[in-house]
Amino acid sequence: MSGGHGHGDSQVNSGPKGSDTHKHKDKHKDKDHRHKDHKKDKEREKFKHSNSEHKEHSEKKHRDKEKLKHSDGSSDKHREKHKEKDREKRREEKVCCVASYSDIKPKKKTKDKKVTEGKKGKKEEEEKWKWWEEERYTDGSKWRFLEHKGPVFAPPYEPLPDKVKFYYDGKPMKLSAPAEEVATFFAKMLDHEYTTKEIFRKNFFKDWRKEMTSEEKSKITDLNKCNFSEINEYFKAQSEARKQMSKEEKQKIKEENERLLQEYGFCVMDNHKERIGNFRIEPPGLFRGRGDHPKMGMLKRRIRPEDIIINCSKDSKHPKPPPGTKWKEVRHDNKVTWLASWTENIQGSIKYIMLNPSSRIKGEKDWQKYETARRLKKCVDRIRAQYREDWKSKEMKIRQRAVALYFIDKLALRAGNEKEEGETADTVGCCSLRVEHVKLYPKMDDQEYVVEFDFLGKDSIRYYNKIPVEKRVFKNLQLFLENKQPEDDLFDRLNTSILNKHLQELMDGLTAKVFRTYNASITLQQQLKELTSDDSIPAKILSYNRANRAVAILCNHQRAPPKTFEKSMQNLQSKIDEKQNQLSAARKQLKAAKADHKASHDDKSKKAVEVKRKAVQRIEEQLMKLQVQATDREENKQIALGTSKLNYLDPRISVAWCKKWGIPIEKIYNKTQREKFAWAIDMAEKDYEF
DNA sequence: CACCAGACTTGGCCGCACTTTA
DNA sequence: TAAAGTGCGGCCAAGTCTGGTG
C-alpha cells in the first residue's frame with residue numbers, strides 16, 4: 001500500500017453505472033486537483049461529499065440492499081453506528097482514497113477520473129477502506145472489476161558447476177539438465193529422514209527415470225548406487241554463503257523482493273488495491289506429503305505459463321505471459337475469487353492464486369462464518385435436544401447420525417469426508433471413523449461408559465482422548481460395533497453429505513464445521529470470563545493465553561515441542577533464580593535502610609528507604625513477569641495456538657476483551673493479524689457478546 | 001445417489017530476519 | 001560482536017463443502 005497515491009473518489013467502490021452519476025462532477029474535481037494542489041483541503045472537502053453521496057446512491061444499484069443472512073440484528077446495529085461515526089470522521093479529518101494502482105484501467109466511462117492523486121497522498125496517512133461498512137453482493141458475484149499482473153514463476157533451473165559431481169556406482173557421471181535438476185531435489189533432502197524411506201525412494205526413482213535420457217535410463221538402474229553427497233555439500237555451502245553475504249548484498253535482495261511484491265503482489269478488485277496472498281508459483285520439487293503418504297517422493301513438476309488459467313475482468317489490462325509463452329486460458333469469471341489457477345500433478349487437484357486474508361473478499365467470508373456460528377448459538381439447545389432424542393430412533397441411520405453429531409459437537413471433531421484409498425495418508429474424521437479407532441469401556445477407574453478415541457486426523461495428527469459418554473450413546477456404539485471388523489466403518493450408514501444435508505434442515509447454512517467454530521468461540525468467551533481478573537497486564541494476558549489454550553486443546557491443535565524447548569526453558573528458569581536472588585538482596589538492603597532510618601531519622605536515610613523500596617518493587621514485578629512467562633511457555637509446550645486464533649475464534653471476542661480490560665490490541669494480535677481482523681477491531685465494543 | 005471437479009478454508013512446519021543475550 | 005533465542009510469514013499440504021452430471 002505504499003504506492004502513496006490514492007485514486008479518485010469516483011473509484012471508491014463504484015460500479016460502472018455508479019460512476020456515471022458523478023462523472024461530470026468528478027471530472028472537474030480531478031482537473032482542479034491536478035492544477036491547484038494548494039487547494040488540497042478544499043478538494044478533500046469535496047471529495048468527502050462526493051464520496052459519501054456516491055456511497056449512498058450509486059453503490060446500491062450494484063449491491064443488493066438486502067442484507068445478507070449473516071448480518072443479524074446486533075451487527076446491523078454495529079454497522080449503523082459505525083457508518084455514522086465514519087461519516088462524522090470524514091467530515092472532520094482528511095480522507096484519502098484507497099485504490100492506487102498505477103496501471104489501473106477501469107471502464108472507459110471512468111477513465112478520465114483516474115491517476116489524479118499522484119501528488120496528494122504519500123505522506124498523508126492513508127485511510128483504510130472499511131469494506132465492512134458497505135453493502136455486499138447478493139447475486140453470487142464476487143467482484144465487478146479485477147485486474148492483476150499474473151503470477152511470478154519459479155526461477156529457471158541453474159545447472160551445477162562442472163566441479164560438482166554426481167557419482168553412479170562410484171564413478172562420476174554428467175547428467176543431462178532435466179535429470180540433474182531432479183537429482184538436485186533429492187540431494188538437497190539427503191539429511192532428511194524420509195529419503196531413507198522405501199516408498200519415498202521408490203516414487204522418487206520412478207519419476208526421476210522419466211526425466212532421464214534413454215542412455216541415462218539404461219545406466220542408472222539402482223538408486224542405492226547413486227551418490228549425491230557432493231551435490232548435497234554444494235547446496236549446503238551455497239546456503240552458508242548466503243548467510244555470509246554482506247549487508248549490501250542482502251539489502252539488494254531485499255529490495256528486489258520488495259519490487260516484485262509491489263509489481264505482482266497486488267491487484268485491483270472493484271477499485272481497491274488489494275494484497276494477493278500467494279503470487280509466486282510453487283517451484284518444482286519432490287512431494288513430501290504429511291504422515292504416511294503413499295505418494296511421497298514423487299516429482300512435483302514445474303509449472304509453465306501454458307498450465308495457467310488467468311481470471312480477470314474483461315475490461316482490465318490482462319496480465320502478459322512471459323515472452324514467447326502463452327497462458328492456457330484467460331477467463332472472466334466473477335463468480336469465483338481466484339486470479340489464477342493450475343492443476344497440480346501429484347493429486348491432480350487445482351491450485352489457486354487468491355487474495356490475502358486482509359482483503360475484502362476474504363474478510364467478508366470470515367465475518368460471515370462467525371455470524372453463522374452465532375446463529376447456531378441461538379438454536380444449539382434445540383439441536384442438542386433433537387439429537388439426544390434421535391439416539392432412541394428406530395432407524396439405524398438416524399441413530400448413527402445423532403451419535404456422530406454428538407461427537408462433532410462435544411469433541412469438536414471434523415466432519416470426516418471419505419477419501420480415495422491409496423491416494424493419501426490414512427486419516428479420518430468423525431464420519432469416516434473406523435471400528436479400530438474406538439474402544440469402549442463400560443467401566444474405567446471411577447467412571448462409567450468411557451469411550452477411547454485413537455486415530456490420525458488431519459495432517460496425520462493423532463487424536464487421543466478418553467471420555468465418559470451418556471449411557472445411550474454407549475449402548476448405541478456397542479450396537480454399531482456389532483459384527484464388524486476393525487477396518488469397517490463405525491458409522492456405516494452415514495457420510496458427510498447425509499449429515500450436512502440434515503444439518504442444513506436444522507438451520508440455514510449449518511454444516512459440521514460450524515460446530516467447531518461455534519464451540520471454539522464460545523469456549524474462548526466463557527474461559528475469558530472465568531479466568532480474567534483485575535490483575536496486572538501480564539497476568540491478564542496469561543489468562544487470555546490460557547483461554548486460547550483451552551480452545552486449542554478442544555480442537556486438538558498440537559505441535560511438536562520446539563527443538564530448543566528444554567534448553568530455553570532452563571535458561572528462563574535460571575533467569576528466574578537469578579531474579580530471586582536479586583530480590584532477596586534488595587529486600588535485605590531495604591531492611592537495612594529501614595533500620596538505618598529508624599536510628600538516624602534524617603532525611604537522607606528516609607530517601608534511601610524510598611529508593612530501596614522502589615527497587616524491591618521493580619524487581620518483584622520483573623520476577624512476576626518472568627514467572628508468568630515460564631508458566632505460559634510450559635503450558636504451551638505441545639499446543640499450537642495459532643490455528644484457532646486465526647480460524648476459529650471470533651476476533652470480536654478478543655477485541656472486546658481487550659477493550660474491557662484495557663489491554664492494547666497489539667498484545668493479542670500482531671500486525672498481520674490486526675490486518676486480517678481489521679473489521680473486528682473497528683466494530684467490536686467492549687460489551688460485544690458472541 | 002455415487003462420483004467428481006472445483007473452490008475455498010484450515011493446518012503444521014521451517015527458514016529467516018530480527019532481537020536479545022553473553 | 002557473535003551466538004542464541006524468537007516470532008513471523010511463507011510454504012504447501014490436507015481438509016470441508018458445493019454443485020453438476022449421469
Side-chain angles (χ1 to χ4, degrees), chain A residues 140 142 154 192 239 242-243 247 250-251 253-254 257 261 265 277-283 285 287-291 293 295-296 300 309 311 333 335-338 341 343-344 346-357 361-362 365-366 368-369 408 414-420 423-425 427-432 456-461 495-501 503-504 509-517 520 552 555-560 562-565 567-572 574-575 629 633 638-648 670-673 675-676:
Chain A
K142 306 290 170 70
H192 282 278
S239 85
R242 224 173 304 127
K243 273 183 215 153
K247 255 190 195 147
K250 280 185 179 168
Q251 186 59 27
I253 291 174
K254 214 174 152 189
N257 276 331
L261 172 70
N278 56 327
F279 59 94
R280 287 169 201 273
I281 295 209
E282 295 168 22
F287 175 83
R288 172 70 181 100
R290 300 206 244 269
H293 199 115
K295 297 194 171 184
M296 66 170 86
K300 214 171 66 161
I309 302 173
N311 193 32
D333 181 357
K335 299 280 188 269
V336 296
T337 67
W338 52 268
S341 74
T343 303
E344 152 268 356
I346 303 289
Q347 321 272 357
S349 66
I350 307 169
K351 300 252 186 173
Y352 303 92
I353 286 183
M354 291 183 187
L355 297 195
N356 184 275
I361 212 151
K362 293 289 184 192
K365 203 75 188 298
D366 206 37
Q368 183 177 11
K369 175 181 76 186
I408 284 171
R414 295 188 187 80
N417 286 310
E418 51 271 63
K419 325 200 289 176
E420 218 174 319
E423 294 292 302
T424 60
T427 63
V428 298
C430 186
C431 293
S432 50
L456 296 182
K458 182 178 178 180
D459 292 319
S460 292
I461 299 289
N495 60 40
T496 53
S497 144
I498 296 172
L499 179 66
N500 280 334
K501 228 163 259 164
L503 292 175
Q504 183 61 237
L510 187 60
T511 62
K513 84 186 183 80
V514 178
F515 283 88
R516 248 169 107 80
T517 312
C555 293
N556 200 40
H557 291 142
Q558 299 191 34
R559 63 165 181 178
K563 285 192 179 66
T564 54
F565 185 85
K567 214 167 124 213
S568 83
M569 211 59 206
Q570 270 171 19
N571 287 347
L572 195 53
S574 48
K575 262 198 221 164
Q629 202 185 347
R633 196 181 298 178
Q638 309 204 53
I639 313 284
L641 299 184
T643 300
S644 52
K645 203 169 183 179
L646 238 44
N647 299 301
Y648 289 105
N670 67 29
K671 187 159 168 283
T672 325
Q673 297 171 151
E675 277 164 17
K676 171 170 178 175

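For clarity, every value in this text was computed on a predicted model and none was experimentally measured. Here is how names work: the chains are called A, B, and so on, in the same order as the sequence lines, proteins then strands, and each is numbered from 1.
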Discussion item. Just to be sure I understand the rule, does A/G642 reach a base, reach only the sugar-phosphate, or reach nothing, if contact means heavy atoms closer than 4.0 Å?
Written reply: nothing
Item to complete: Determine: side-chain N/O of A/T511 to OP1/OP2 of C/dT16, distance under 4.0 Å, yes or no.
Response: no
Worksheet entry | Residue whose nearest DNA chain B nucleotide is more 5′ - A/K676 or A/R559 | A/K676
Worksheet item: Counting side-chain heavy atoms from CB outward, which of C/dA14, B/dT9, B/dG11 is closest to A/Q347?
Response: C/dA14
Worksheet item: Does atom NZ of A/K250 have more than 12 heavy-atom neighbours from other groups under 6.0 Å away?
Response: yes
Worksheet item: For the pair made of CD in A/E423 and C1' in C/dG15, what is the distance, rounded to whole Å?
Response: 16 Å
Item to complete: Measure the distance from CZ on A/R633 to C1' on C/dT6 and round it to the nearest whole Å.
Response: 8 Å
Practice prompt. May I ask you to verify if any side-chain N or O of A/K351 is less than 4.0 angstrom from the OP1 or OP2 atom of C/dA13?
Written response: yes
Practice prompt. Provide the closest heavy-atom pair for A/V336 versus A/N311 in the form atom of the first, atom of the second, distance.
Written response: CG2-ND2, 3.3 Å
Practice prompt. Figure out the CG/C1' separation between A/N647 and C/dG15, and round it to whole Å.
Written response: 12 Å
Response to the item:
A/N417 has its side chain closest, among C/dT16, C/dT18, B/dC8, to C/dT16
Discussion item. Can you see if the side chain of A/R414 gets near the phosphate of B/dT9 - specifically, an N or O under 4.0 Å from OP1 or OP2?
Written reply: no
Worksheet item: Under 4.0 Å: is that the gap between some side-chain N or O of A/K365 and OP1 or OP2 of B/dC8?
Response: no
Worksheet item: So what does A/N500 hit on the nucleic acid, given a heavy-atom distance under 4.0 Å: a base, only sugar-phosphate, or nothing?
Response: sugar-phosphate
Discussion item. Counting the atoms with a prime plus P, OP1 and OP2 as sugar-phosphate, which does A/L646 contact under 4.0 Å by heavy atoms, base, sugar-phosphate, or nothing?
Written reply: nothing
Practice prompt. Quick one: label A/A512 by what it contacts on the DNA or RNA (base, sugar-phosphate, nothing), any heavy atom closer than 4.0 Å.
Written response: sugar-phosphate
Item to complete: Please check if any side-chain donor atom of A/S349 sits under 3.5 Å from a side-chain acceptor atom of A/E344, or the reverse.
Response: yes
Worksheet item: Would you say a side-chain N or O of A/K369 is under 4.0 Å from OP1 or OP2 of B/dT10?
Response: yes
Practice prompt. Please tell me which of A/R242 and A/D366 maps to the more 5' nucleotide of DNA chain B, matching each residue to the nucleotide holding its nearest heavy atom.
Written response: A/D366
Discussion item. I want to check one thing: is the phosphate of B/dG12, taken as OP1 and OP2, less than 4.0 Å away from some side-chain N or O of A/T643?
Written reply: yes
Practice prompt. Verify the distance criterion only: is there a donor paired with an acceptor across the side chains of A/K419 and A/T427 at less than 3.5 Å?
Written response: yes
Between the protein and nucleotides 7-11 of chain C, are there any N/O to N/O pairs under 3.5 Å, and if so, what are the atom names and distances?
| from | atom 1 | to | atom 2 | distance (Å) |
| --- | --- | --- | --- | --- |
| C/dC8 | OP1 | A/N670 | ND2 | 3.4 |
| C/dC8 | O5' | A/N670 | ND2 | 3.4 |
| C/dG9 | OP1 | A/T672 | OG1 | 2.4 |
| C/dG9 | OP2 | A/T672 | OG1 | 2.3 |

Worksheet item: Think A/T427 has a side-chain N or O under 4.0 angstrom from the OP1 or OP2 of C/dG15?
Response: yes
Worksheet entry | d(CZ, A/R288; C1', B/dC14) in whole Å | 14 Å
Item to complete: Nearest whole angstrom, please: distance from the C1' of C/dA14 to the NE2 of A/H557.
Response: 13 Å
Discussion item. From CD1 of A/I346 over to P of C/dA14, roughly how many Å is that when rounded to an integer?
Written reply: 10 Å
Discussion item. Heavy atoms from C-beta onward define the side chain here; which of B/dC13, B/dT10, C/dC17 lies closest to that of A/Y648?
Written reply: B/dT10
Worksheet item: Residues in side chain to side chain contact (heavy atoms under 4.5 Å, CB included) with A/K300, at least two apart?
Response: A/E282, A/N345, A/I346
Item to complete: Just call it for A/K250: base, sugar-phosphate, or nothing, with non-hydrogen atoms closer than 4.0 Å on any strand.
Response: nothing
Worksheet item: Could you state the CG-P distance from A/N257 to B/dC16, rounded to the nearest angstrom?
Response: 12 Å
Worksheet item: Are there more than 12 heavy atoms of other residues, nucleotides or ligands under 6.0 Å from atom NZ of A/K671?
Response: no
Please write out the pairs of protein N or O atoms and N or O atoms of nucleotides 3-7 of chain B separated by less than 3.5 Å, giving the distance to one decimal.
| from | atom 1 | to | atom 2 | distance (Å) |
| --- | --- | --- | --- | --- |
| B/dA7 | OP1 | A/W338 | NE1 | 3.4 |
| B/dA7 | OP2 | A/Y352 | OH | 2.9 |
| B/dA7 | O5' | A/Y352 | OH | 3.4 |

Discussion item. If we ignore hydrogens and angles and just use 3.5 Å, is the side chain of A/N495 paired with the main-chain N or O of A/C431 as donor and acceptor?
Written reply: no
Practice prompt. Answer yes or no: is there a donor N or O on one side and an acceptor on the other, between the side chain of A/N670 and the main chain of A/T672, under 3.5 Å?
Written response: yes
Worksheet item: A/N278 and A/I353: which non-hydrogen atoms are nearest, and at how many Å?
Response: O-CG1, 3.3 Å
Response to the item:
Which of C/dA13, C/dT16, B/dC18 is nearest the side chain of A/K300? It is C/dA13
Practice prompt. Could you state the atom-to-atom distance from NZ of A/K458 to C1' of C/dA14 in whole Å?
Written response: 5 Å
Practice prompt. Take the angle between the ring planes of A/Y352 and A/W338 and call it parallel below 30°, perpendicular above 60°, tilted in between.
Written response: tilted
Worksheet item: Does A/K362 reach the side chain of A/K676, with side-chain heavy atoms less than 4.5 Å apart?
Response: no
Worksheet entry | 5' precedence on DNA chain C between A/G289 and A/K513 (nearest-nucleotide basis) | A/G289
